[in-house]
Amino acid sequence: MPTEQESRAQVTVESKDDVVINNLNAEGCYRGRTELKGAMFIRAGEEALIEYHGRAACRISFSFLPEEGKRYRIVGQSFRNLRERFEARREIESKQGIAYEACGVNLYREEENAQLVPMKLQRRVISALPTCAKFITPEEWQKIRVPPPFK
């Protein structure tokens with residue numbers, strides 16, 4: 001989390017579920033997480049790696065690049081039934097968010113006039129190497145993934 005002297009942006013979480021920001025070292029390796037609740041400040045000008053943990057083992061990892069002085073809103077929800085899943089997934093994806101079978105998440109930039117502008121999320125997966133777990137894109141994962149030794 002940034003100090004008052006560092007470049008920062010505000011993020012507000014609107015969800016009953018857990019939302020965390022992943023902390024990385026200088027090499028980009030995972031070194032813990034900080035829970036995001038309500039309105040908090042995060043570092044601006046560097047990629048923010050966020051995880052949304054919905055009910056029913058639903059986890060969505062994504063990133064975005066916060067700009068200094070801007071305000072963002074993360075809205076996540078878990079889906080309870082098939083009808084809700086269909087309607088909510090369509091709504092979330094129409095605003096460039098990410099939706100899975102049982103949950104979904106959107107990110108908005110809040111303009112000065114209080115208008116919420118949907119932002120495209122960059123999906124992330126974790127590559128758990130023995131000494132360094134990193135968050136990478138699914139395309140990067142496909143390049144380094146080793147196929148199973150047998151069929």
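Sequential numbering from 1 along the given sequence is applied to the chain's residues.
When side chains are defined from C-beta on, Asp17 does not count as touching His53, because their heavy atoms never get closer than 4.5 Å. A 4.5 Å side-chain heavy-atom check between Tyr108 and Tyr72 finds every atom pair outside the cut-off. Thr34 is listed as a side-chain neighbour of Asn23, based on a closest heavy-atom distance under 4.5 Å. When side chains are defined from C-beta on, Ile74 does not count as touching Thr12, because their heavy atoms never get closer than 4.5 Å.
Salt-bridge annotation for Glu6 and Arg8: absent, with no side-chain N of the basic residue lying under 4.0 Å from a carboxylate O of the acidic one. A salt bridge links Glu111 to Arg109: one of the charged nitrogens lies within less than 4.0 Å of a carboxylate oxygen. Between Arg124 and Glu47 there is a salt bridge, with a side-chain nitrogen of the basic residue lying less than 4.0 Å from a carboxylate oxygen of the acidic one.
The number of heavy-atom neighbours closer than 6.0 Å to CD of Glu35, taken from other residues, nucleotides and ligands shown, is above 12.
In this structure, Leu107 CG and Lys120 NZ are separated by 12.0 Å, a value rounded to the nearest 0.5 Å.
Shown here for Glu51 and Ser61, the closest heavy-atom pair between the two residues is CG-OG, 3.3 Å. Closest approach of Pro2 and Ser7 over heavy atoms only: CB-O, 4.3 Å. Shown here for Pro118 and Lys95, the closest heavy-atom pair between the two residues is CB-O, 3.4 Å.
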For the pair Ile21 and Ile42, evaluate side-chain contact (heavy atoms from CB on, under 4.5 Å) and give the outcome as yes or no after the intermediate values.
-> CA-CA 9 Å; Ile21 186 166; Ile42 61 173; 3.9 Å; yes

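Remark: side-chain polar atoms of Asn106 are paired, donor with acceptor, to backbone N or O of Ile92 under 3.5 angstrom. Not one N or O on the side chain of Glu93 forms a donor-acceptor pair closer than 3.5 Å with the backbone of Arg90. Distance alone, capped at 3.5 Å, is enough to place a donor-acceptor pair between the Tyr52 side chain and the Gln77 backbone.
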